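If you read the sequence from its start, that first residue is 1, and numbering goes on from there. Bear in mind the structure is a predicted one, so any value in this text is a computation, not a measurement.
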Amino acid sequence: MLKVEHIGIAVKSLETSIPLFEKLLNTNCYKQEEVVSENVITAFFQQGESKIELLEATAPESAIAKFLDKKGEGMHHIAFEVADIHAEMKRLASEGFVLLNETPKKGADNKLICFVHPKNTNGVLIEICQEIR
């Protein structure tokens, strides 16, 4: 794992949360993107090397909607950038981690992604991601 790529935060409303985070971080949201396969709309902020991703559900059956119903707004996941997502998925599986998908999926911000089940990571949902080249 090369670095923390971003921290994902589940929110009820991007309309409310984007201005809040713009004030908090003293920077503008640089990108909004819908990820239809995940039933979310994302909004990204960057300060130096650090990124924050806000996630709003677009359907009641989405993982974000279920998270919000169960836990409310807050930190959803930590994403780590990897050089080779296929090799990293193989390594993690061989170490006994449960991956939530068998092959990488297209995620937001031009990334291939895979999630590691939080039951193996002290309750923290981990995302690994690689820039699509």
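Between Q46 and T27, the closest side-chain pair of non-hydrogen atoms is not below 4.5 Å. Between E22 and F45 the shortest side-chain heavy-atom distance falls below 4.5 Å. I85 has its side chain within reach of I128: a pair of non-hydrogen atoms, C-beta onward, lies under 4.5 Å apart. Between M1 and L92 the shortest side-chain heavy-atom distance falls below 4.5 Å. Looking at E53 and D109, their side chains never come closer than 4.5 Å, going by heavy atoms from C-beta outward. In this structure the side chain of V116 reaches within 4.5 angstrom of the side chain of L99, judged on heavy atoms. The shortest side-chain heavy-atom distance between H6 and H77 falls under the 4.5 Å cut-off.
A salt bridge does not link K12 to E56: none of the charged side-chain nitrogens sits closer than 4.0 Å to a carboxylate oxygen. Under a 4.0 Å N-O distance rule, the pair K111/E127 does not qualify as a salt bridge.
One distance of note links CD1 of I64 with NE2 of H76; it measures 3.5 Å at 0.5 Å rounding. Atom CD in E49 sits 10.0 Å away from atom CD in E5 (nearest 0.5 Å). Rounding to the nearest 0.5 Å places CD of E88 at 11.5 Å from CD of E81. Within the model, atoms NZ of K31 and OG1 of T42 stand 7.5 Å from one another, a figure rounded to the nearest 0.5 Å. In this structure, CG on L54 lies 6.0 Å from CD1 on I9, to the nearest 0.5 angstrom.
Between A65 and A59, the shortest heavy-atom distance links the atoms CB-O, 3.4 Å. Between A10 and F67 the shortest heavy-atom distance is CB-CD2, 3.6 Å. When all heavy atoms are compared, the tightest approach of A43 to Q32 is CB-CG, 4.0 Å. Across all their heavy atoms, H117 and K119 have their closest contact at ND1-N, 2.9 Å.
At distances below 3.5 Å, not a single donor-acceptor pair connects side-chain atoms of N120 with backbone N or O atoms of F97. The main-chain N or O of H86 is found under 3.5 Å from a side-chain atom of D84 such that the two form a donor-acceptor pair.
Side chains of E131 and N110: a donor-acceptor N/O pair is present below 3.5 angstrom, by distance only.
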Side-chain atoms of residues 14-21: list all donor-acceptor pairs with protein atoms under 3.5 Å, sequence neighbours left out, distances to 0.1 Å.
residue : atom : partner : partner atom : Å
T16     : OG1  : S13     : OG           : 3.3
S17     : OG   : S13     : O            : 2.9

I'd like a table of donor-acceptor pairs (distance under 3.5 Å, sequence neighbours excluded) in which one partner is a side-chain atom from residues 100-108, with atom names and distances.
residue : atom : partner : partner atom : Å
N101    : OD1  : F115    : N            : 3.4
N101    : ND2  : T103    : O            : 2.7
N101    : ND2  : I113    : O            : 3.4
K105    : NZ   : E38     : OE2          : 2.6

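Of the residues I41, V40, N39, the one that meets the side chain to side chain contact (heavy atoms under 4.5 Å, CB included) test with E34 is I41.
Linking ILVMFWY side-chain heavy atoms closer than 4.5 Å, directly or via other members, places I7 and I126 in a single hydrophobic cluster. Residues L55 and L24 are members of separate hydrophobic clusters, defined by side-chain heavy-atom contacts under 4.5 angstrom among Ile, Leu, Val, Met, Phe, Trp and Tyr. Under the 4.5 Å side-chain heavy-atom criterion for Ile, Leu, Val, Met, Phe, Trp and Tyr, I78 and L112 are members of the same hydrophobic cluster. Linking ILVMFWY side-chain heavy atoms closer than 4.5 Å, directly or via other members, places V82 and V4 in a single hydrophobic cluster. Linking Ile, Leu, Val, Met, Phe, Trp and Tyr residues whenever their side-chain heavy atoms come within less than 4.5 Å places M75 and V11 in a single cluster.
No more than 12 heavy atoms of other residues, nucleotides or ligands shown are found within 6.0 angstrom of NZ on K23. Summarising the local packing, CG of N26 is surrounded by 12 or fewer heavy atoms from other residues, nucleotides or ligands at distances under 6.0 Å.
A search for salt bridge (charged side-chain N to carboxylate O under 4.0 Å, His left out) contacts involving E73 returns nothing, not counting sequence neighbours.
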